[in-house]
Amino acid sequence: TDGTSLSASAAAALTDNDISQVIVLGGSAAVSDGVVASIVALMPNCAIVAPDTKAPCVVRIGGSNRYATATAIATFTRAALPVASVPDAFDGGLAWSTRTVFLASGVSFADALSAGPLAATWGPTNVVLTEPAALSADTNTWLSANSFVLDYVVTLGLGSAVSTAAVVAANAAISLS
């Protein structure tokens with residue numbers, strides 16, 4: 001669906017497939033609150049919650065920009081699995097434990113999008129974003145905070161997509177432990 005309205009085909013997929021949990025990826029600038037409200041309306045007994053809240057059944061994982069959103073998704077995927085089986089509740093993450101992270105340009109979507117299948121086969125592993133000339137602040141903060149579990153940064157794209165300076169900063173960030 002686009003970011004401003006829930007398409008009929010997306011709504012049909014949610015109802016036809018008896019979907020009980022939805023993770024909305026992106027802040028309200030990327031996926032409007034109206035789209036989220038439309039999803040909630042399709043699901044009985046549903047409310048939107050923060051990723052760390054135990055409640056059914058729609059959660060938004062997003063940030064103030066695409067770099068913050070990518071790191072928020074990475075944080076969610078690394079969070080522990082749910083501690084208890086609570087139907088239609090989000091109370092954990094995906095427990096990904098790979099020691100590698102992919103770094104792609106956040107300026108255009110092609111590198112990060114094409115990384116999805118590769119990242120899935122490598123662990124799965126996360127894809128975080130950066131500005132071409134310098135490592136984005138959000139990504140630097142996330143890499144530093146997770147340095148104790150990361151060994152490798154795999155850069156996607158040529159130097160015009162992710163500069164040597166960004167790569168050096170990323171490697172420095174994971175070397176803090």
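Along the sequence shown, the residues carry numbers beginning at 1.
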So, do L135 and L103 sit near enough that their side-chain heavy atoms are less than 4.5 Å apart? yes

Rounded distance (nearest 0.5 Å) linking atom CG of L25 with atom CZ of F76: 9.0 Å

With rounding to the nearest 0.5 angstrom, report the OG1 to CD1 distance, T69 to I61. 10.0 Å

Is S136 reaching over with its side chain to a backbone N or O of E131, donor-acceptor style, under 3.5 angstrom? no

Any L118 side-chain heavy atom under 4.5 Å of V154 side chain: no

Contact summary for A72 and G62, nearest pair of heavy atoms: CB-O, 4.0 Å

With clusters defined by side-chain heavy atoms of hydrophobic residues (ILVMFWY) lying less than 4.5 Å apart, directly or transitively, does L129 cluster with V167? no

Minimum heavy-atom separation for V31 and R60, please, with both atom names. O-NH1, 2.8 Å

In this structure, OG1 of T77 is separated from CG of N126 (nearest 0.5 Å) by 3.5 Å

Atom of T130, atom of A166 and distance for their closest heavy-atom approach: OG1-CB, 4.2 Å

Given side chains that start at C-beta, do those of T141 and Y67 come closer than 4.5 Å, heavy atoms only? no

Rounded distance [0.5 Å steps], OG1 in T125 versus CZ in R78: 7.0 Å

Take atom CG of D18 as the centre, draw a 6.0 Å sphere, and report whether it contains more than 12 heavy atoms from other residues, nucleotides or ligands. no

Looking at every heavy atom in both S105 and A161, which two are closest together, and how far apart are they? CB-O, 3.4 Å

How about CG on L158, more than 12 heavy atoms from neighbouring residues, nucleotides or ligands closer than 6.0 Å, or not? no

With the 4.5 Å side-chain cut-off for hydrophobic clustering, are V153 and V127 part of the same group? no

Testing the basics here: between A134 and S163, what is the closest heavy-atom pair and its distance to 0.1 Å? N-OG, 4.1 Å

Which atom pair, heavy atoms only, marks the closest approach of V35 to G3? CG2-O, 3.6 Å

Please check if V36 and I19 belong to a single hydrophobic cluster, counting links between Ile, Leu, Val, Met, Phe, Trp and Tyr side chain heavy atoms closer than 4.5 Å. yes

side-chain hydrogen bond (donor to acceptor under 3.5 Å, both in side chains) between T71 and D138, worked out: CA-CA 7 Å; T71 60; D138 293 304; 5.4 Å; no

Determine whether the side chains of T98 and W122 contain a donor N or O and an acceptor N or O closer than 3.5 Å. no

State the OG-CG distance between S147 and N171, to the nearest 0.5 angstrom. 12.0 Å

Run the side chain to side chain contact (heavy atoms under 4.5 Å, CB included) check on V162 and L156 step by step: do they pass? CA-CA 7 Å; V162 179; L156 306 169; over 6 Å; no

Take D111 and F102 through the side chain to side chain contact (heavy atoms under 4.5 Å, CB included) test and state the conclusion after the steps. CA-CA 10 Å; D111 291 338; F102 288 106; over 6 Å; no

